[in-house]
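This report refers to the structure that appears directly beneath it.
No hydrogens, no waters, no symmetry mates; every other heavy atom, side chains included, goes into these values. We count residues from 1, following the sequence as given.
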Amino acid sequence: MNENRYYLASSSKRVFARVFDLLLTYAFIIGLFFLLNLIQNFDLKTILFAFSFFLIHFCYFILIPFFCKQTLFMLCFKIKMYNKEKNFLLNLGKREFFIWIVQDFIFFSFFISLCFFSEGNREKILNYLFFKKDETGFSSVHILPIIFNALLGFSVLMQIFILIATILKSNKMTLLDEISHIVIFYNKKEENKEKKVTFNKTILQPKILPFVLSEEDRKEVEKL
């Protein structure tokens with residue numbers, strides 16, 4: 001008999017699924033960048049790119065999981081989300097806040113800010129941002145890339161902290177699980193030749209699932 005058992009996902013499944021998901025979204029973003037680069041108007045293409053940058057991540061990490069309970073690579077690694085509270089959309093936002101929402105807001109603010117500078121000052125800002133030098137010397141316009149780098153550095157540190165916390169909590173509820181009230185399951189089909197085990201509390205033991213499910217919740221998990 002086939003028996004479906006639900007385990008908290010391992011850190012390796014979570015991390016690899018997230019890494020491949022991010023690579024996929026950034027592939028779309030890079031493709032979009034080259035496509036929008038065909039537009040001659042700098043302000044227009046910058047604004048479109050800033051909005052699209054956020055929109056791609058929002059659709060992939062918020063809307064798709066909201067309707068499907070998983071992303072493409074979560075599907076590949078056979079893991080799925082289960083929402084412990086009613087407001088799933090809000091919980092998804094809390095889960096993704098420090099992973100990409102903060103970072104995207106930093107990029108969005110930077111791109112929009114560029115539109116308020118003249119062409120010459122934009123060149124100074126970008127040169128200082130990427131090459132850390134400007135032949136004209138340091139000026140007030142260089143404050144923008146300094147602030148951008150500082151905020152981006154903070155965002156990266158938060159992502160590293162979340163990554164380490166996830167690795168240390170393999171097969172357990174992670175910090176993101178606690179904050180967002182969303183649990184990541186691994187659905188494992190096991191062979192049971194002796195008898196068919198029904199889905200009940202004896203399957204979801206504390207070591208497997210560290211909270212009590214209501215009858216309605218158990219029915220929801222069975223659908224995963």
Side-chain angles (χ1 to χ4, degrees), residues 15-68 70-76 81 88-163 176 180:
V15 171
F16 280 116
R18 172 62 66 164
V19 168
F20 286 120
D21 280 332
L22 285 172
L23 288 175
L24 179 62
T25 57
Y26 279 110
F28 281 115
I29 290 170
I30 292 171
L32 181 67
F33 172 79
F34 286 107
L35 183 63
L36 292 177
N37 206 38
L38 299 175
I39 300 176
Q40 298 298 320
N41 187 298
F42 179 86
D43 291 347
L44 176 61
K45 68 181 176 183
T46 302
I47 292 172
L48 287 176
F49 183 72
F51 277 103
S52 301
F53 194 93
F54 176 82
L55 188 61
I56 288 173
H57 281 148
F58 179 80
C59 290
Y60 191 85
F61 290 113
I62 300 291
L63 289 187
I64 292 178
F66 179 75
F67 292 106
C68 304
Q70 59 190 166
T71 61
L72 175 61
F73 285 99
M74 287 181 71
L75 174 64
C76 293
M81 296 181 182
F88 188 31
L89 192 63
L90 176 61
N91 288 341
L92 281 170
K94 290 191 292 185
R95 186 177 190 84
E96 301 296 327
F97 186 75
F98 287 109
I99 299 178
W100 63 265
I101 292 179
V102 169
Q103 190 175 79
D104 279 19
F105 179 76
I106 295 170
F107 277 106
F108 179 86
S109 302
F110 176 75
F111 291 140
I112 297 301
S113 298
L114 285 177
C115 297
F116 293 94
F117 290 90
S118 64
E119 185 176 350
N121 284 334
R122 283 199 297 260
E123 186 176 347
K124 290 181 181 180
I125 292 171
L126 295 175
N127 281 336
Y128 192 81
L129 178 65
F130 293 109
F131 305 109
K132 303 298 181 186
K133 63 180 182 179
D134 188 348
E135 295 179 355
T136 61
F138 185 84
S139 63
S140 58
V141 298
H142 297 126
I143 295 175
L144 179 61
I146 291 174
I147 294 175
F148 172 77
N149 282 330
L151 293 175
L152 190 61
F154 168 77
S155 175
V156 171
L157 286 176
M158 288 301 303
Q159 292 174 347
I160 293 173
F161 173 78
I162 291 171
L163 174 62
L176 286 181
S180 65

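Residues forming a side-chain contact (heavy atoms from CB on, under 4.5 Å) with I112 (at least two apart in sequence, or on another chain): I47, A50, F108, F116. For N41, there are no side-chain hydrogen bond (donor to acceptor under 3.5 Å, both in side chains) partners at least two apart in sequence or on another chain.
Between W100 and F54, the ring centre distance stays below 6.0 Å.
For the pair N37/F49, no side-chain contact is recorded, criterion being any heavy-atom separation below 4.5 Å from C-beta on. Residues L176 and I99 form a side-chain contact, since some pair of their non-hydrogen atoms from C-beta on lies under 4.5 Å apart. A heavy-atom distance below 4.5 Å is not found between the side chains of K45 and Q40. In this structure the side chain of L114 reaches within 4.5 angstrom of the side chain of F110, judged on heavy atoms.
Annotation: the span from L36 atom CG to T46 atom OG1 amounts to 9.5 Å, rounded to 0.5 Å. To the nearest 0.5 angstrom, F66 atom CZ is 13.5 Å from C59 atom SG. Rounding to the nearest 0.5 angstrom, the gap separating the CG atom in L55 from the CD1 atom in I62 is 12.0 Å. Atom CZ of residue R95 and atom CG of residue L92 lie 8.5 Å apart, to the nearest 0.5 angstrom. Of the inter-residue distances, the one linking F98 atom CZ with I162 atom CD1 reads 7.0 Å to the nearest 0.5 angstrom. Separation of atoms CZ (R122) and SG (C115) is listed at 7.0 Å; rounding is to 0.5 Å.
Here the shortest heavy-atom pairing between S113 and L144 reads CB-CD2, 4.0 Å.
By the 6.0 Å contact criterion, CZ on F161 is open, its count of non-hydrogen atoms from other residues, nucleotides or ligands being 12 or less. Environment of CZ in F16: sparse, with no more than 12 heavy atoms of neighbouring residues, nucleotides or ligands closer than 6.0 Å.
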Q: Verify side-chain contact (heavy atoms from CB on, under 4.5 Å) between Y128 and I146, making sure each step is shown before the conclusion.
A: CA-CA 9 Å; Y128 192 81; I146 291 174; 3.8 Å; yes

**Q.** Pair H142-I125, side-chain contact (heavy atoms from CB on, under 4.5 Å): steps then yes or no
**A.** CA-CA 6 Å; H142 297 126; I125 292 171; 5.7 Å; no

**Q.** Audit row: I106, S155, side-chain contact (heavy atoms from CB on, under 4.5 Å) steps and yes/no
**A.** CA-CA 9 Å; I106 295 170; S155 175; 4.1 Å; yes

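Side-chain atoms of N127 come within 3.5 Å of backbone N or O of E123 as a donor-acceptor pair.
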Just list the side-chain donor-acceptor pairs under 3.5 Å for residues 18-33, sequence neighbours left out, or say none.
residue : atom : partner : partner atom : Å
R18     : NH1  : E96     : OE1          : 3.0
R18     : NH2  : E96     : OE1          : 3.1
R18     : NH2  : E96     : OE2          : 2.8
D21     : OD1  : Y60     : OH           : 2.5
D21     : OD1  : T71     : OG1          : 3.4
D21     : OD1  : F73     : N            : 3.3
D21     : OD2  : T71     : OG1          : 2.5
T25     : OG1  : D21     : O            : 3.4
T25     : OG1  : L22     : O            : 2.8
T25     : OG1  : H57     : NE2          : 3.4
Y26     : OH   : Q103    : OE1          : 3.2

